[in-house]
Amino acid sequence: FRGFGVVYLFFFFFQAEDGIRDFCLSRGLGDVYKRQAPMEKARKSLPHVLGSIILVRMRQSDQREQEHRPMSTCLVAQSGGPTAVINASLAGVIRANQLNPLYDRVLGGIHGIEGVLADQLYDLTDLSEHDLELLRQTPSSALGTCRYKLKRDDEADFRRLADVMDAHDIETMFYIGGNDSMDTVDALAEWAAENAPSKRFIGIPKTVDNDLVPVDHCPGFPSAAKVACQITHATRLDYDAYTRPEVFVLEVMGRDAGWLAASCCITGDVDLLVLPEVAFDRDAFLAEVRAKFEATGSCYIVVSEGARYADGTYLSAGDTAHDGFAHAVLGGAAQTVKQMIVDTGIVPRGVVQDLSRAARSSNFAQSLVDVTEAYDLGMSAHMRSADPAFTGREVGIVRTPEAAAEGRYEAELFAGPASEFANFVKRFPAEWILPNYQGITPEAVAYFRPLIEGEPKLVMKGGIPATIVPFNKR
């Protein structure tokens, strides 16, 4: 590590070894950097003379190294749908570099790869501890995001990106995103191996859909699930306050996988669950709705936005609307379900609640597990980048089987090829789905429950969680 005296370096590694996380929430490699804070306090307790000698040696060593080592900068960008903790990963990269400056500067790409190609960068190197604390709890994408598809056969974009990186002495790019973003990391690393071998590309995952492989879960999902569960329970209480006959339908995000919709069932408030993994059968579904009303006089339904018929047709999708990755822009599945129930005559009215963006960008209900792991992943990606061969790879989270066998939650961080994360969809397991739209199995509940546990202590301002001013708005 640069700029450390011999005595100081020894103490650092002693603290780092003791600092590997080992408790019920997570076990993250990023903590080796966090241990520098206690180390700094310990240094202050050394005799004044010894401390002064060490500091002088550190400054001299740092000055010599600054004179000889070449400039090096890293770049961080965000892409795809925002989450409640995507900025925690960004904060992890920045803080890791402050504790162990592998790079002279940390630049942020405004609006993802699209902004980077336009040379829209923001210097994040010296953010204060307070700003990093606010960044960690700020939802959405503080750098701005995009849905720009970097095509593998578009040589112009690849060349343009390399030129921008050269202009700013950027060696490494960290890309925080979902499935398509990891394909971008893989494509860039593959191109750079032949055309710009000094450039490296590293992925950090996020998605509320929880559909990436081969991870246990994705940062952003636990917090979205926590919000979804809170809204499910709150609206069920509101729904049950009335005696009038009506159906309640809650729609949540999830184009190809029903993880988020399924998580709502751990509240015990969901009567019927409609997922993309089960082909929608109109007649069978309406029969279940009718049976619920006959038995209890009410029916609370959760539907995933990606619910579809056996032929692949979505319950509701725009005919021509698509995002930048050729995915259909969904929304309206709950309204479709409500209307078919009303049109059938089962009940005369219905209520629709669409969570959509509220679930993915709400920091008032961050999961402590989620924000901690997202931050650690940012730190881990930075630490692993110390290896010059670390490129075209992504960091991720796996649940330790030993802890799971004992009924405990414990996670570890790992790294794998970005190609194994990209262009695959991890669907909600069929064996965890109850037949006839009746919900999920106890095994699914056991998977979800620990992910939403705990709440971080938030900095408040004016009665609401404080947030940082987004860098793309500065």
Evaluation steps, side chain to side chain contact (heavy atoms under 4.5 Å, CB included), between L413 and L377: CA-CA 7 Å; L413 308 185; L377 281 171; 3.8 Å; yes
H382/Y103 aromatic ring centres below 6.0 Å: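 Yes, ring centres under 6.0 Å apart.
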How about Y437 and F285: are their ring centres within less than 6.0 Å of each other?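 Between Y437 and F285, the centre distance is under 6.0 Å.
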Look at the side chain of [X] and the backbone N and O of [Y], then say whether any donor-acceptor pair between them is shorter than 3.5 Å.
| X | Y | value |
| --- | --- | --- |
| T372 | L368 | yes |
| S79 | G112 | no |
| R255 | S304 | no |
| E305 | G254 | yes |
| S89 | A374 | yes |
| S316 | T336 | no |
| E251 | A334 | yes |
| H111 | C146 | no |
| S367 | V369 | yes |
| T400 | E402 | no |

Under 4.5 Å between any side-chain heavy atoms of [X] and [Y], yes or no?
| X | Y | answer |
| --- | --- | --- |
| I341 | V337 | yes |
| S181 | N179 | no |
| V116 | L75 | yes |
| V85 | K206 | no |
| I301 | V270 | no |
| N100 | L102 | yes |
| I231 | V252 | no |
| F448 | P222 | no |

Could you walk me through whether Q438 and E288 pass the side chain to side chain donor-acceptor pair (under 3.5 Å) test, one step at a time? CA-CA 9 Å; Q438 298 301 308; E288 295 299 329; 3.1 Å; yes
Pairing donors with acceptors under 3.5 angstrom, does anything connect the side chains of [X] and [Y]?
| X | Y | answer |
| --- | --- | --- |
| T232 | R236 | no |
| Q335 | D354 | no |
| D157 | Y148 | yes |

With sequence neighbours left out, write down each residue that passes salt bridge (Lys or Arg N to Asp or Glu O under 4.0 Å) with [X], or none if nothing qualifies.
| X | result |
| --- | --- |
| D166 | K199 |
| D211 | none |
| R200 | E171 |
| D186 | R152 |

Suppose we screen for side-chain hydrogen bond (donor to acceptor under 3.5 Å, both in side chains). Which residues come up paired with E155, at least two apart in sequence or across chains?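 Listed in chain order: R159, W191.
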I'd like to check the side-chain hydrogen bond (donor to acceptor under 3.5 Å, both in side chains) partners of K338; sequence neighbours left out, ordered by chain and number.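 Partners of K338 by the side-chain hydrogen bond (donor to acceptor under 3.5 Å, both in side chains) criterion come out as none, since no residue qualifies.
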Verdict with reasoning, Y300 to T235, per side chain to side chain donor-acceptor pair (under 3.5 Å): CA-CA 9 Å; Y300 189 106; T235 52; 2.6 Å; yes
May I have the list of side-chain donor-acceptor pairs in residues 464-474 shorter than 3.5 Å, sequence neighbours left out?
{"from": "R474", "atom 1": "NE", "to": "V469", "atom 2": "O", "distance (Å)": "3.0"}
{"from": "R474", "atom 1": "NH1", "to": "Y122", "atom 2": "OH", "distance (Å)": "3.1"}
{"from": "R474", "atom 1": "NH2", "to": "V469", "atom 2": "O", "distance (Å)": "3.0"}

Within 6.0 angstrom of H168 NE2, more than 12 heavy atoms from elsewhere: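 For H168, atom NE2 is crowded (more than 12 foreign heavy atoms under 6.0 Å).
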Just wondering, more than 12 heavy atoms not from E431 lying within 6.0 Å of its CD?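 Yes.
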Which residues satisfy the ring-ring contact (aromatic ring centres under 6.0 Å, His included) test with [X], sequence neighbours excluded?
| X | answer |
| --- | --- |
| F421 | none |
| Y309 | F280 |
| Y447 | W259, W432 |

What pairs of residues pass the salt bridge (charged side-chain N to carboxylate O under 4.0 Å, His left out) test when at least one of them lies in residues 116-130, not counting sequence neighbours?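 Counting only pairs at least two positions apart or across chains, no salt bridge (charged side-chain N to carboxylate O under 4.0 Å, His left out) contact touches residues 116-130.
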Tell me the side-chain hydrogen bond (donor to acceptor under 3.5 Å, both in side chains) pairs involving residues 216-230, sequence neighbours left out?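 Qualifying pairs: D216-R399, H217-E373, H217-Y409, S223-D370, K226-E455.
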Would K149 and D183 count as a salt bridge (Lys or Arg N to Asp or Glu O under 4.0 Å) if you check the C-alpha gap in whole Å, the side-chain angles of each, and the deciding distance to 0.1 Å? CA-CA 10 Å; K149 181 66 174 179; D183 182 60; 3.4 Å; yes
Going by an N to O cut-off under 4.0 Å, is there a salt bridge joining D209 and R427?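 Not counted as a salt bridge, because no side-chain N and carboxylate O are separated by less than 4.0 Å.
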Kindly give the heavy-atom pair with the smallest separation between V227 and A365, and that separation in Å.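 Nearest heavy atoms, V227 then A365: CG2-CB, 3.5 Å.
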Check each of V76, T125, L135 against I94 using the side-chain contact (heavy atoms from CB on, under 4.5 Å) test, and report the only one that passes.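 Testing I94 for a side-chain contact (heavy atoms from CB on, under 4.5 Å) against V76, T125, L135 leaves exactly one candidate, L135.
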Side chain to side chain contact (heavy atoms under 4.5 Å, CB included) evaluation trace for F248 with C299: CA-CA 7 Å; F248 192 101; C299 186; over 6 Å; no
When N87 is tested against each of Q137, Q78, R136 for side-chain hydrogen bond (donor to acceptor under 3.5 Å, both in side chains), which residue passes?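 When side-chain hydrogen bond (donor to acceptor under 3.5 Å, both in side chains) is applied between N87 and each of Q137, Q78, R136, only Q78 qualifies.
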